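In what follows, a structure is listed as structure tokens, so that the remarks can point back to it.
Here is the naming used below: chain letters follow the sequence lines, and residue numbers restart at 1 for every chain. Below, each value reflects all heavy atoms present in this structure, side chains not excepted, and no hydrogens, waters or symmetry copies. Since the model is a prediction, treat every value here as computed from it, not as a measurement.
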2 protein chains.
Amino acid sequence: MKYNQVTIKDIARELGISPSTVSRALKDHPDISPETKKAVNELAEKLNYTPNIVALSLRQSKTNTLGVIIPEIVHFFFSTVISGIEDVAYSAGYNVIITQSNESLLREKTDIKALFNSRVDGMLISLSRETSTFEHIDATLAKGVPMVFFDRVYDTPTSSKVVVDDLSGAKEATLHLIEQGCTRIAHLEGPPNLGITKQRLEGYIEALNESNIPVNKDIIMSCPLGTIEEGKSATEALLKMDNRPDAIFATNDPAAMGAMQAIKEAGLKIPQDIAVVGFSNWFFGALLEPPLTSVDQPGFEMGQEAAKLLIRQIEVKSKDNSEPVPETKLLKTRLIIRDSSLKKGKK
Amino acid sequence: MKYNQVTIKDIARELGISPSTVSRALKDHPDISPETKKAVNELAEKLNYTPNIVALSLRQSKTNTLGVIIPEIVHFFFSTVISGIEDVAYSAGYNVIITQSNESLLREKTDIKALFNSRVDGMLISLSRETSTFEHIDATLAKGVPMVFFDRVYDTPTSSKVVVDDLSGAKEATLHLIEQGCTRIAHLEGPPNLGITKQRLEGYIEALNESNIPVNKDIIMSCPLGTIEEGKSATEALLKMDNRPDAIFATNDPAAMGAMQAIKEAGLKIPQDIAVVGFSNWFFGALLEPPLTSVDQPGFEMGQEAAKLLIRQIEVKSKDNSEPVPETKLLKTRLIIRDSSLKKGKK
DNA sequence: GTGAAAGCGCTAACAT
DNA sequence: ATGTTAGCGCTTTCAC
């Protein structure tokens, strides 16, 4: 943008001093006399001078900008992550550029290229659903670009990541159902290639084991596609069973949505006839009052932590030029309970 | 970002030619011999050369970046607008920087400053809920920054804007209810300082007038705060009336959510006992299946149109240096019907 | 305490 | 067909 921008030269000319003096005066350099400083600052104020960040970035080979790649901005969870990132970035003097991969590996690759071209100081990445090869990431890491992964992480020991403690969250949710008197708890499983799917199943199993409830594989249903329809038909199958489950633990939103639809259409009531617990990341978070008990994912906190780690990496690297030690942050979930009446009902 | 970046100089040195020749070869300049071009392009490919956008921006006084200010990214509507903006921007060779005002005037002001400092080529703005003074906008416009407003617009004849045709949308929704056999249609009104509130009421009244249904002020309820509770208590009042409404037109999401809750708690059914139509921008859009008939807001299209207008402005200005003619785009809503069974029921 | 000069990476006159 | 030079706005040695 050219337009009417005031530069350091303009101030220098008007004051009859050199651009370097103006530059120093503006940064409160100790060498500059108080009078000069005063004159410069006043004129800068008057002319509405704002430094040209583009020139600054070129000069310092540092853009003070973080690049972010998320699968989709429309997901409530990811938009809260963004707010967390911005919160930390802004107060540390960094700007943020957000790109969406739209769950596509191809887009993820071009996003990384675009961010690299923009010379961002580092990248915060949550992998697309399609990403199962990592050359594009490795190549960019090899160029020395600091990266921190969040939520859908690249599982390599050399980079930092921030993830939700899915195992504990799933365990807590399952224990809650057990505490409410449920004993036949079905599990709706997510896409098998995602790490979270495994974690959530494990938490579920741990809870059952600790409570001496046998794990019944017949009521662990696979929902690999992540669609509502899938969750619905899985639930319909569950409801048709002779000894139907008294609770459903849906490990992702579409599965939970589908489960609720199926239950409603069967004329049953939640949670009286069958309790439902869901993980909330896309849909439910957007509703001020999720319709069922849910495991809340700390998106804002995740954004904050990821940004903190990245900024630390960037600043360590620019100082010492040493490789930063990768860190992993595990964030706790929070159970939002809406079926606490169930306990009494069951007894 | 410094790190291992390859520059034009590196290519020039390695090939024993000058940087300008390399630059020209890369842009397929007609003066350069085919052999040189080939050599340069091959080496560039091999070294993984990517142009430094920061240097380019400084050189051309053009960043090829659009700045966007939205009230909140978590709103489904605004996140679809962003996707629309990106769609058009990327294919025209522009990057996009998104900022959130969080519905705060102060944040809006600092966002504008930050975007100006980043020397974006133009700005796309949807005003915060707090914005009722416009000096910050005027000052930036005066500096020659192209601006296009969308959804929550600055109503001045000198700048371009893209808005939803709320009047027609509201009218269509109300006519739909009338067509379904409803005659006592309540209206839940939004915050009075927003233009959309007036538009939606007007559309509602037009529909009633055209259908020879008298406008009954007793069932036009004000919901100035935009909270769910408010919509709920307004609806509770409506349901208590002797001759209670057979339909509710909720002009915003929280009001619609509140209405639905109140109806459910009163043991009534939607749409059999009482039909509900809502405007969908925040919540419902996030659900793949909104629970009621709703007026869909074309967010993606709005983003596209706004970006198109802005880019045209930028490019006209940089060529002719003439002031662009402001344009206003009115976008049609779309009625998503889920209560079509009602008609028969009523007859 | 201040100025002159160089350079970040790139491009576009202006040479040759 | 290619090289030289200057400059976008800013900072930072190195002079004085």
Side-chain angles (χ1 to χ4, degrees), chain A residues 1-41 43-44 47-65 116-121 143 318, chain B residues 1-41 43-44 47-65 93 116-121 318:
Chain A
M1 241 249 321
K2 195 164 52 188
Y3 309 109
N4 315 335
Q5 54 182 338
V6 181
T7 75
I8 268 188
K9 271 192 188 169
D10 299 324
I11 299 181
R13 198 181 329 104
E14 191 138 340
L15 252 40
I17 56 179
S18 82
S20 31
T21 305
V22 175
S23 170
R24 282 187 276 240
L26 288 170
K27 336 199 68 186
D28 204 21
H29 189 106
D31 277 0
I32 303 298
S33 76
E35 304 84 60
T36 313
K37 274 184 193 165
K38 189 158 171 276
V40 168
N41 282 306
L43 186 57
L47 297 182
N48 231 310
Y49 167 79
T50 57
N52 187 324
I53 290 187
V54 179
L56 232 162
S57 299
L58 181 61
R59 176 68 233 256
Q60 318 196 128
S61 299
K62 180 164 195 299
T63 52
N64 280 292
T65 299
F116 182 79
N117 285 3
S118 300
R119 298 303 193 268
V120 295
D121 295 332
K143 288 183 185 162
S318 80
Chain B
M1 241 250 319
K2 193 164 54 187
Y3 308 110
N4 315 334
Q5 55 182 337
V6 181
T7 74
I8 268 188
K9 271 190 188 168
D10 298 324
I11 299 180
R13 198 180 331 105
E14 190 137 341
L15 253 41
I17 56 179
S18 82
S20 36
T21 306
V22 175
S23 170
R24 282 186 277 238
L26 288 170
K27 335 198 69 185
D28 205 22
H29 190 106
D31 278 0
I32 303 298
S33 77
E35 304 84 57
T36 312
K37 275 184 194 166
K38 188 156 171 279
V40 167
N41 282 306
L43 186 57
L47 297 182
N48 231 310
Y49 168 80
T50 57
N52 186 323
I53 290 187
V54 179
L56 233 162
S57 298
L58 180 62
R59 174 71 232 258
Q60 318 195 131
S61 299
K62 181 164 194 300
T63 52
N64 280 292
T65 299
F116 182 79
N117 285 3
S118 298
R119 299 302 193 268
V120 295
D121 295 331
S318 80

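Between the CG atom of Leu58(A) and the P atom of dC8(C) there is a distance of 9 Å, given to the nearest Å. If you take NZ of Lys37(B) and P of dA1(D), they are 9 Å apart, rounded to a whole angstrom. For Glu35(B) and dA1(D), the CD to P distance is 9 Å, given to the nearest whole Å. Straight-line distance from the CD atom of Gln60(A) to the P atom of dA6(C): 21 Å, rounded to whole Å. If you take CZ of Arg13(B) and P of dC10(C), they are 12 Å apart, rounded to a whole angstrom. What separates CG of Asn117(B) from P of dG9(D) is a distance of 15 Å, to the nearest Å. Atom CG of Asn64(A) is separated from atom P of dC8(C) by 20 Å (rounded to the nearest Å). Straight-line distance from the CD1 atom of Ile8(A) to the P atom of dT12(D): 11 Å, rounded to whole Å.
Applying the 4.0 Å criterion to OP1 and OP2 of dT2(D), one finds that Ser33(B) has a side-chain N or O inside that range. At the phosphate of dT2(C), OP1 or OP2 sits under 4.0 Å from a side-chain N or O atom of Thr36(A). In terms of phosphate contacts, Ser18(A) brings a side-chain nitrogen or oxygen within less than 4.0 Å of OP1 or OP2 of dG3(C). An OP1 or OP2 oxygen of dG9(C) is reached within less than 4.0 angstrom by no side-chain nitrogen or oxygen of Tyr49(B). Note on Ser23(B): every side-chain N or O is 4.0 Å or more away from OP1 and OP2 of dC10(C).
Taking OG1 of Thr36(A) as the reference point, atom NE2 of His29(A) lies at 12.5 Å (rounded to 0.5 Å). Here the straight-line distance linking atom CG of Asn48(B) with atom NZ of Lys143(A) works out to 4.0 Å at 0.5 Å rounding. Remark: Asn52(A) CG to Ser118(B) OG distance equals 9.5 Å, nearest 0.5 Å. From Ile32(B), atom CD1 reaches atom NZ of Lys37(B) across 7.5 Å, with rounding to the nearest 0.5 Å. Taken to the nearest 0.5 Å, the CD1 atom of Ile53(A) stands 12.0 Å off from the OG atom of Ser57(B).
Interface residues of residues 24-31 of chain B facing DNA chain D, ordered by number: Arg24(B), Asp31(B); criterion, heavy-atom separation under 4.0 Å.
Residue Ile17(A) has its side chain nearest to dG3(C) when only dC10(D), dG3(D), dG3(C) are considered. The Leu56(B) side chain lies nearest to dC10(C) when the options are dC10(C), dC10(D), dG9(C).
Residue Ile32(B) is the one, among Ile32(B) and Pro51(A), whose nearest nucleotide of DNA chain D lies closer to the 5' end (criterion: closest heavy atom). Both Val6(A) and Pro34(B) sit near DNA chain D, but only Pro34(B) has its closest nucleotide nearer the 5' end.
Base engagement by Ser20(A) is indicated by at least one non-hydrogen atom pair under 4.0 Å involving a base atom.
With hydrogens and angles disregarded, no donor-acceptor distance shorter than 3.5 Å links the side chain of Ser23(A) to the backbone of Pro19(A). The main-chain N or O of Asn117(A) is never found under 3.5 Å from a side-chain atom of Thr50(B) such that the two would form a donor-acceptor pair.
Tested against Val22(A), the residues Ile11(A), Leu15(A), Leu43(A) include a single side chain to side chain contact (heavy atoms under 4.5 Å, CB included) partner, Ile11(A).
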